[in-house]
Amino acid sequence: MSEEGLAALARLGITGDHAIEANKNNGISNATLSLVGKYGDGDIPSEQATVIFSFATKIPKSKALTDTHVDTILASIKKGDLTRVVQLDAAIAFFKKNKDSVDGYEEACGFGIVITPEDITTAVAAEIEKVKDELVAKRYRFSTGPIIASLRKSMKWADAKAVKDEIDAQVLALLGPKTEEDMKKPPKVKNKSEKPSVKDTKVEEKGEDVITFTGASSHFHAVGGNDTTANYVTTPNTTRLLAEHKKRVNNTVHTRFPPEPNGILHIGHAKAINFNFKYAKGNGGNCYLRYDDTNPEKEGQEFVDGILTDVRWLGYEPFKITYSSDYFVELHEAAVELIKRGGAYVCHQPAEELKGHEDRKFSPWRERPIEESLKLFDDMKKGLIDEGKATLRMKHIMEDGKLDPVAYRIMFAPHHRTGNTWCIYPTYDFTHCLCDSFEDITHSLCTKEFQNRRSSYYWLCNSLDVYCPVQWEYSRLNMAYALVSKRKIGNLIDTNTVRGWDDPRLFTLAALRRRGFPPEAVNNFCALVGVTENNNTLVSPKLLEACVRDVLNVKATRVMAVLDPLKVTITSGDYPSTVTVENNAVVEGSGTHAVPLCSVLYIDRDDFCIDPPKGYRRLTPTQSVCLKAAGLVLHTESFKTGSDGRATEVSVRVEALTKENKPKGFIHWVSSASPEKPPRAAEVNVFHQLFNTENPLEGKDMKKNVNLHSLDVFDALIDDSVDVNTVGTVYQFERIGFFVVDKESTPELPVFNRTVALKEDKGKTAK
């Protein structure tokens, strides 16, 4: 443990267990040491210290930041221009997009923008006016989350706590203090109304937008018919709660995609996105994108932005974008209510005693008095108890035997949206079902690993007498040769096995996008895989690649490139100076483009063989070949070889293609306008399978399963028609495969990544 690291943390006002835990993280410790050292001697004001520590937690995750960027941001903090975490996130985002310029930096970070208390008062009043009737009707049962979310957009740089306090003050002024009626539990309704049938579910049919469902998903409950679902748990209040819920959503399906903003999405998430958004759309409903942001130590704005980019890349637009943190106040109130109802208690067992399932015993604090737990939970909220010294636990035994899951834990870490407002954060088991309830989710769709949490999902909603959605579990997407663990991918990045989260050998959505996979191909793949309850199916990447080929075969322009160039000189015969090439022969009316041809051209080295094997159909010393699109037949006149015996240059004569001289093989080629001007050079990356085993973790040593030959880099030549400046454009390199313009391309040296190879042609001869 670094004493220097603890001393640096102490200068930021961080001591005790919080400092010890932070110091264990080498990335945070080193960043803190660096920032505090650069700050210089003297006291660091508490406001600046908070932002500096938040900066230290973000630096290890922000690989794009240079030392210059860090120094610029730190100077802004020290000067007093950058005073809030939201400004810090804006600064980091700015430099990720503007690596070599500070133009617009101050504006992007909200420097100089002064938001007065009067401004906050006016803005809050305007938002409350919009929902005044509903607020007055529901009184303190009304959720202020949407108001907060709206104000975060319109008053991005306002102090979040000041905004929340103003909302509370104006609500109190409008409604007055809580009455006894406000404190009462919702009345119980004994009579059950008629259960709705599946026919009540609306289906939107608009030509190509028709979405059909098979299997269990074709028989999901209708809106408001949750209690028709097998194993759904009801209470005496269920009928009333379902009727109120159905009215609130206007009999409309609502689903949600709830990722954690602590990493980037992978191919398994694509299945979840497709299922949630398509099920909602197919039933005329809506799908939320809700960020499950309850672990501030691992979350960041870069992941928030990346997730939204991935969702929109797949072609989906969320009905609403929300965050679990939108409901932190409501969740805290629910926790207090659960304690009052005897369903939760404050526990002091250390974390190691809460792990595992064998020989478990109930906590010695399980039956502590309610008032005592309320007081301790309030102390937790006020930061009076150190991390690890107390948790709030729910009185419930889960399917897998886990006793009393944790509802709240103490974390002295700034949140990427709420800053330092909270030092206690809810867990997944507490947050997920209640946020589903707050947002009136009709179908809570999740993968099988959450099946053992279904009972706690129902138990918590019913214990608080709130609307309880239906949780339905489906099989996760298990892809052969694919690694989806964030921690293990991080290890591959740290050891330089791959180049980053978007390395085309990975199966993250960012990697697939960089590899040139079209989003519609990914969606088609998810549709082919389908949604089942069988969790043991291992899907081959070849199915995904087949979907990619199907799309690109229609969309991609055909061009010519040679990966391993062999020089060919025409010594005799007539040939045109330009050749017209079809853009895409399978798409009528796709047009053409022209490529130059001179006396010097290049073919792939494998397309000339001095001593060919049986069945070889390309150019040899005695066998002719035809140039694709040019209508020219090449005949070898002579060739030169290197020390390895391979050809280094070939001289040929050419003649026009006729029925009489038509050769057995056609090959691609690249040339230029004149022999003095070589064709355009390019770097081409041909990626192969990253792992040699279907299960990358086979044998428990991932590194032993890594394919050490998963990348071949070629110094290639491409024809002049290729647009090398538009990153993401995919071309078919004739006879080779589909290739995409990579983000590392420059005007001087374009870079291409192979998307997929062409289909194996059984008629293609041996090399």
Side-chain angles (χ1 to χ4, degrees), residues 120-121 123-152 160-189 235-238 240-249 290 320 322-344 370-371 373-375 377-378 380-382 392 407-408 418 421-422 424 426 430-431 433-441 460-469:
I120 295 176
T121 299
V124 170
E127 290 297 325
I128 287 181
E129 185 62 31
K130 295 177 185 177
V131 296
K132 184 176 180 180
D133 292 343
E134 186 181 1
L135 175 58
V136 170
K138 293 183 177 179
R139 290 183 61 77
Y140 288 99
R141 297 186 190 280
F142 178 86
S143 171
T144 58
I147 295 178
I148 296 172
S150 179
L151 287 168
R152 283 201 179 104
K161 187 176 185 305
V163 171
K164 181 62 175 63
D165 290 345
E166 182 62 28
I167 292 173
D168 291 343
Q170 291 197 28
V171 168
L172 180 62
L174 177 63
L175 303 180
K178 286 186 178 181
T179 64
E180 291 185 9
E181 192 66 26
D182 293 323
M183 303 291 191
K184 286 182 179 179
K185 299 177 183 178
K188 296 182 178 180
V189 177
T235 72
N237 287 329
T238 296
R240 173 183 59 79
L241 291 170
L242 292 180
E244 293 172 351
H245 152 73
K246 184 176 180 179
K247 184 177 180 181
R248 285 194 299 270
V249 299
R290 184 205 307 143
K320 290 182 181 179
T322 60
Y323 299 77
S324 294
S325 57
D326 290 340
Y327 306 103
F328 274 176
V329 173
E330 290 80 0
L331 290 166
H332 175 263
E333 291 173 350
V336 171
E337 180 64 24
L338 189 63
I339 297 172
K340 290 179 179 178
R341 295 183 179 211
I370 289 175
E371 291 303 321
S373 282
L374 287 172
K375 172 64 170 61
F377 188 51
D378 191 51
M380 289 169 60
K381 177 177 178 292
K382 291 177 179 177
L392 182 69
Y408 267 85
T418 62
T421 302
W422 298 89
I424 55 170
F430 188 81
T431 304
C433 61
L434 292 181
C435 285
D436 280 353
S437 178
F438 297 155
E439 293 179 347
D440 275 311
I441 301 303
L460 181 54
C461 288
N462 290 335
S463 294
L464 291 169
D465 283 328
V466 296
Y467 161 68
C468 182

Peer 1: Less than 4.0 Å between a side-chain N and a carboxylate O, is that true for Arg290 and Asp326?
Peer 2: no
Peer 1: For the residue pair Ala334 and Leu464, what are the closest heavy atoms and their distance?
Peer 2: O-CD2, 3.6 Å
Peer 1: Could you go step by step and tell me if Glu371 and Leu374 meet the side-chain contact (heavy atoms from CB on, under 4.5 Å) rule?
Peer 2: CA-CA 5 Å; Glu371 291 303 321; Leu374 287 172; 3.9 Å; yes
Peer 1: Which distance, rounded to the nearest 0.5 Å, do you find between the CG of Asn462 and the CG of Asn237?
Peer 2: 9.0 Å
Peer 1: CD1 of Ile167 to CD1 of Ile148: how many Å apart, nearest 0.5 Å?
Peer 2: 4.5 Å
Peer 1: Can you tell me how far OH of Tyr467 sits from CD of Glu244, rounded to the nearest 0.5 angstrom?
Peer 2: 12.0 Å
Peer 1: OG1 of Thr235 to CG of Asp465: how many Å apart, nearest 0.5 Å?
Peer 2: 6.0 Å
Peer 1: Can you tell me how far apart CG (Leu135) and NZ (Lys132) are? Round to the nearest 0.5 Å.
Peer 2: 9.5 Å
Peer 1: Do you know the tightest heavy-atom contact between Pro426 and Phe430?
Peer 2: CB-CD2, 4.1 Å
Peer 1: Rounded to the nearest 0.5 Å, what's the gap from CG on Asp436 to SG on Cys461? Could you check?
Peer 2: 7.5 Å
Peer 1: Check the orientation of Tyr408 and His332. Use parallel for under 30°, tilted for 30 to 60°, and perpendicular for over 60°.
Peer 2: perpendicular
Peer 1: With side chains defined as the heavy atoms from C-beta onward, is the minimum distance between Leu241 and Cys468 less than 4.5 Å?
Peer 2: no
Peer 1: Closest heavy-atom contact between Ile339 and Ser373?
Peer 2: CG2-CB, 3.8 Å
Peer 1: Heavy-atom distance under 4.5 Å between the side chains of Lys130 and Ile147, does that happen here?
Peer 2: no
Peer 1: With side-chain contact (heavy atoms from CB on, under 4.5 Å) as the criterion, how do Val171 and Tyr140 come out once you've worked through the C-alpha distance, each side chain's angles and the decisive distance to 0.1 Å?
Peer 2: CA-CA 9 Å; Val171 168; Tyr140 288 99; 4.0 Å; yes
Peer 1: Is there a side-chain contact between Phe142 and Val131, using heavy atoms and a 4.5 Å cut-off?
Peer 2: yes
Peer 1: Write down the atom of Ser437, the atom of Pro469, and the distance for their closest heavy-atom approach.
Peer 2: N-CG, 4.0 Å
Peer 1: Of all the heavy-atom pairs spanning Leu331 and Ser324, show the shortest one and how long it is.
Peer 2: CD1-O, 4.0 Å
Peer 1: Kindly give the heavy-atom pair with the smallest separation between Ile424 and Met380, and that separation in Å.
Peer 2: CG2-O, 3.4 Å
